[in-house]
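The block underneath contains the structure these notes are about, expressed in C-alpha cells.
Excluded from the calculations below are hydrogen atoms, water molecules and symmetry mates; all remaining heavy atoms, backbone and side chain alike, are included. Position 1 is the first residue of the sequence, and the numbers go up from there.
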Amino acid sequence: MNAYEEYMREITQSMRDELTNAGFEELVTPEAVDQFMSTNEETALVVVNSVCGCAAGLARPAAVQSLDGEQKPAKLVTVFAGQDREATAKMREYFENVEPSSPSMAIVKGGELKHFIPREQIEGHEVEDIVTQLTNAYSEFC
C-alpha cells in the first residue's frame with residue numbers, strides 16, 4: 001500500500017466502521033465478492049459505500065437504521081467504491097443492467113440482484129425515506 005492509499009484508508013476508516021460495527025462484512029477483494037455471491041443463498045443487503053458526504057452520509061445511517069425492523073436481510077456486506085476498487089468493480093458485475101452508482105444499496109439473493117437503490121434515490125432524500133425504501137424491499141424479498 002502506498003502513502004496515498006494508507007492516508008485514504010485512515011480517512012475512510014470511520015466510514016467503514018459505521019457499517020462493520022452494525023454487522024456488515026467488508027468484501028475487499030474481487031475473490032471475496034465472487035466467493036460471497038457464488039455461495040450465498042440467503043437474502044443479503046449490499047452497501048456500496050462511498051466517501052461522498054452528500055449521499056453516503058445518508059446511505060450509511062439509513063442502512064443501519066433499516067435493520068431495526070423485524071424483517072431484514074440474513075446477510076450484510078459492503079464494498080467501498082474508490083477505495084477497494086477491484087472488489088467494487090466485481091460486485092457491480094453482479095448488478096446486471098444497472099449503471100455504476102455510489103453510494104448505492106442492493107438486495108441480492110442466490111447471486112442475483114433483486115432490488116437496487118441508486119445514488120439518485122439517496123442524495124437529497126431524508127434518512128427516513130431511504131429506510132422506508134429499504135424496509136419495503138425487505139418486505140418483498142426477505
Side-chain angles (χ1 to χ4, degrees), residues 1-95 98-142:
M1 191 179 301
N2 65 36
Y4 173 76
E5 290 169 335
E6 286 182 40
Y7 172 78
M8 288 307 296
R9 180 74 181 204
E10 287 178 29
I11 295 295
T12 61
Q13 191 60 53
S14 64
M15 297 171 199
R16 292 172 181 272
D17 292 346
E18 191 170 356
L19 294 175
T20 58
N21 289 344
F24 284 80
E25 175 188 357
E26 276 192 302
L27 304 177
V28 297
T29 66
E31 296 79 15
V33 170
D34 275 339
Q35 173 71 22
F36 177 79
M37 292 298 284
S38 66
T39 61
N40 180 60
E41 292 299 321
E42 299 178 281
T43 303
L45 172 61
V46 178
V47 174
V48 178
N49 202 351
S50 168
V51 172
C52 172
C54 49
L58 297 167
R60 287 186 299 270
V64 172
Q65 286 179 34
S66 76
L67 303 173
D68 290 341
E70 286 185 32
Q71 283 189 308
K72 56 189 162 194
K75 301 281 186 170
L76 308 169
V77 297
T78 181
V79 294
F80 206 118
Q83 299 298 300
D84 302 319
R85 290 184 174 109
E86 294 84 9
T88 303
K90 179 55 73 173
M91 183 61 78
R92 286 176 172 155
E93 289 178 14
Y94 289 96
F95 302 162
V98 173
E99 290 291 319
S101 181
S102 58
S104 59
M105 294 178 252
I107 304 292
V108 298
K109 186 173 185 175
E112 293 183 18
L113 178 65
K114 300 295 183 184
H115 186 78
F116 190 77
I117 300 173
R119 177 190 182 110
E120 298 81 48
Q121 293 177 14
I122 297 169
E123 187 175 10
H125 293 266
E126 298 294 325
V127 169
E128 295 76 18
D129 297 334
I130 304 162
V131 170
T132 298
Q133 290 181 64
L134 286 167
T135 56
N136 289 343
Y138 300 163
S139 294
E140 185 173 350
F141 299 108
C142 294

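The ring-ring contact (aromatic ring centres under 6.0 Å, His included) pairs that include a residue from residues 3-25 number zero, where partners must be two or more places apart or lie in different chains. Contacts classified as salt bridge (charged side-chain N to carboxylate O under 4.0 Å, His left out) and involving residues 47-58 (residues at least two apart or in different chains) are not found. Sorted by first and then second residue, the pairs that involve residues 55-75 and meet side chain to side chain donor-acceptor pair (under 3.5 Å), not counting sequence neighbours, are E18-R60, N49-R60, S66-Y138, Q71-S139. Within the structure, salt bridge (charged side-chain N to carboxylate O under 4.0 Å, His left out) contacts touching residues 28-40 (residues at least two apart or in different chains) are D34-K90. Counting only residues at least two apart or on different chains, the ring-ring contact (aromatic ring centres under 6.0 Å, His included) pairs with a member in residues 48-95 are F95-F116.
Nearest heavy atom pair, residue A63 against residue L134, reads CA-CD1, 3.9 Å.
Residues meeting the side chain to side chain contact (heavy atoms under 4.5 Å, CB included) test with E140, sequence neighbours left out: none. Remark: Q35 engages no residue in a side-chain hydrogen bond (donor to acceptor under 3.5 Å, both in side chains) (not counting sequence neighbours). Listed by chain and residue number, I107, K109, E112, F141 satisfy the side chain to side chain contact (heavy atoms under 4.5 Å, CB included) test with K114 (two or more places apart in sequence, or in another chain). A search for side chain to side chain contact (heavy atoms under 4.5 Å, CB included) contacts involving Q13 returns R9, R16, D17, not counting sequence neighbours. Residues satisfying the side chain to side chain contact (heavy atoms under 4.5 Å, CB included) criterion with A55, sequence neighbours excluded, are C52, P103, R119, I122, E123.
S102 OG to R92 CZ: the interatomic distance, rounded to the nearest 0.5 Å, is 5.0 Å. Note that CD of Q121 is 13.5 Å distant from CG of L58, once rounded to the nearest 0.5 Å. Atom CG of L113 sits about 8.0 Å away from atom CE of M37, to the nearest 0.5 Å.
You'll find the side chain of D84 stays beyond 4.5 Å of the side chain of T29, heavy atoms only. The side-chain heavy atoms of L76 and L67, taken from C-beta on, include a pair separated by under 4.5 Å.
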